[in-house]
Amino acid sequence: MEVDSGAEIQDTVISPEKAEEAKLKARYPNLGNKPGGSDLLRKRLQKGQKYFDSGDYNMAKAKIKNKQLPTAAPEKTEITGDHIPTPQDLPQRKPSLVASKLAG
Amino acid sequence: ADIISTVEFNHTGELLATGDKGGRVVIFQQEIENKNQPLFRSEYNVYSTFQSHEPEFDYLKSLEIEEKINKIRWLPQKNAAQFLLSTNDKTIKLWKISERDKRPEGYNLKEEDGRYKDPNTITSLRVPVLIPMDLMVEASPRRVFANAHTYHINSISVNSDNETYLSADDLRINLWHLEITDRSFNIVDIKPTNMEELTEVITAAEFHPHQCNTFVYSSSKGTIRLCDMRTSALCDKHSKLFEEPEDPSNRSFFSEIISSISDVKFSHSGRYMMTRDYLSVKVWDLNMENRPVETYQVHEYLRSKLCSLYENDCIFDKFECCWNGNDSVVMTGSYNNFFRMFDRGHRRDITLEASRENSKPMQVLKPRKVSAGGKRKKDEISVDSLDFNKKILHTAWHPQDNIIAVATTNNLYIFQDKVN
């Protein structure tokens, strides 16, 4: 028997967009109910935020200058806790589900 | 740092400016020697390179300020020098680009190397003369417009009055005078008193090409507001609101995100404007607010990929769009280094690719086709093999001729009409 791929089937087919939405909700059941709402936008507005202590940073910069280290760059692998953090070696904030690219 | 972030022709098309993520501006100049000959091909060569913006850190707010150039806009030429505005997230700068091809020689009080002569040794006077020298192009910052934006600047637009310009960030639009850097007027402010109530942000803004009192701004909710500065000092209330009604039954999680307008451009005629949202380009007649007059699908096949495009953040990519010189064709970019052109009059569209691997210089570009699903014809590319890292966000069209500039992530391509 031939399957008619025409109008009859159309009614029961979900729009591709809604199908994608279902996929997303299945993967992330906790995704907020207000997708375009304040969370998304506020993340966008906060792009560039880095938390550190500017006083400590400047003191560390001054110390490094005085020491005149032979190696090109100081150990950048250590992060907060072991040495004074600089903007460059703060761990990248893992982009949360409520996307970060909106700010990009 | 070599990632191109903006491309803009000047008003004659002789100069093409690009800005990059590293804060640099590179200006190309068209070689116009053989323009009247039949086999003329325009070549754009590097004219000037300079560092426009440096990375900064706002210690008070713990904010990193990127040096990436978001937009460049040229001023119409008034004298021998060229001027352009370039902006990063927070600061706009006016740059003067001038040529020097002569230098003075024969000073009375100075030696050739600049040392001053002892006046007592001078027995005769001469008039210094200007002698030719190798062309030197100098770029110097003439104005710095700083500290007027709390949020990130997404647009700048020079007014047709050639005296003022606007700068727009996520929530506010400011009006500046090109001569005055310590003051700017806020003309749009959509910041709610309670930030929890924030529902939309400004995504782009532009002045009307002829009416100096009119400008538009687009939002993340897919609306465009046209404002008239004659009505009031603060244009929070729009004069026109352009919005296409949405079928509520079609609404999904993605609806608002893909309706967000990433670019708005007036036509050269000033009668129309074009908006770019994630999947389409729309042309609006300024006299009709309730729907666009034309809608062009850029890459409709992505609608069934929205879930993964959300996960890899591509759904937030901001594509730009542009008109050709006589407003008959519109162009925008897509993925896989594809870009699309829509011929409004002939209802034709074409997909082309900007890639060194797939075409040689001076070779006519082959049209591309993406197959949405099912059977894939020979030469077609399937949606799943598209490279979403190869995005063309920035394109520009020469103001008069059929010459286009297309920016891939790291490279600038210049294409022109086939010359017979």
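Quick note on labels: first sequence line is chain A, next is B, and so on, each numbered from 1. Every heavy atom of this structure was used, including side-chain atoms; hydrogens, water molecules and symmetry mates were not.
Remark: B/Phe338 engages no residue in a ring pair (Phe, Tyr, Trp, His ring centres under 6.0 Å) (not counting sequence neighbours). With sequence neighbours excluded, the residues satisfying ring pair (Phe, Tyr, Trp, His ring centres under 6.0 Å) with B/His299 are B/Tyr278, B/Phe319, B/Tyr335.
Interface summary for chain A: among B/Lys221, B/Glu200, B/Lys305, the most heavy-atom pairs under 4.5 angstrom belong to B/Lys305. Ranked by heavy-atom pairs under 4.5 Å with chain A, the first of B/Ser304, B/Ser220, B/Ser308 is B/Ser304. Contact count against chain A (heavy-atom pairs under 4.5 Å) is highest for B/Asp170 among B/Asp170, B/Ile315, B/Ile258.
No more than 12 heavy-atom neighbours from other residues, nucleotides or ligands sit within 6.0 angstrom of NZ on B/Lys390. Counting heavy-atom neighbours within 6.0 Å of B/Arg251 CZ, excluding the residue itself, gives a total above 12. Atom CG of B/Asp58 has more than 12 heavy atoms from other residues, nucleotides or ligands within 6.0 Å.
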| Can you check salt bridge (charged side-chain N to carboxylate O under 4.0 Å, His left out) on A/Arg27 and B/Glu311, steps first, answer last? | CA-CA 10 Å; A/Arg27 288 188 209 176; B/Glu311 288 177 303; 2.5 Å; yes
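Distance OG/B/Ser252 to CD/A/Glu21: 4.5 Å, rounded to 0.5 Å.
Contacts of B/Asp169 with chain A are absent, with no heavy-atom separation under 4.5 Å from either backbone or side chain. Residue B/Leu171 touches chain A through its side chain alone, counting heavy-atom pairs closer than 4.5 Å. In this structure, chain A has a heavy atom under 4.5 Å from the backbone of B/Ser249, while its side chain stays farther away.
Side chain to side chain, B/Tyr310 and A/Glu20 fail the donor-acceptor criterion of an N or O pair below 3.5 Å.
Considering all non-hydrogen atoms of both residues, A/Glu17 and B/Leu306 come closest at CG-CD1, 3.5 Å.
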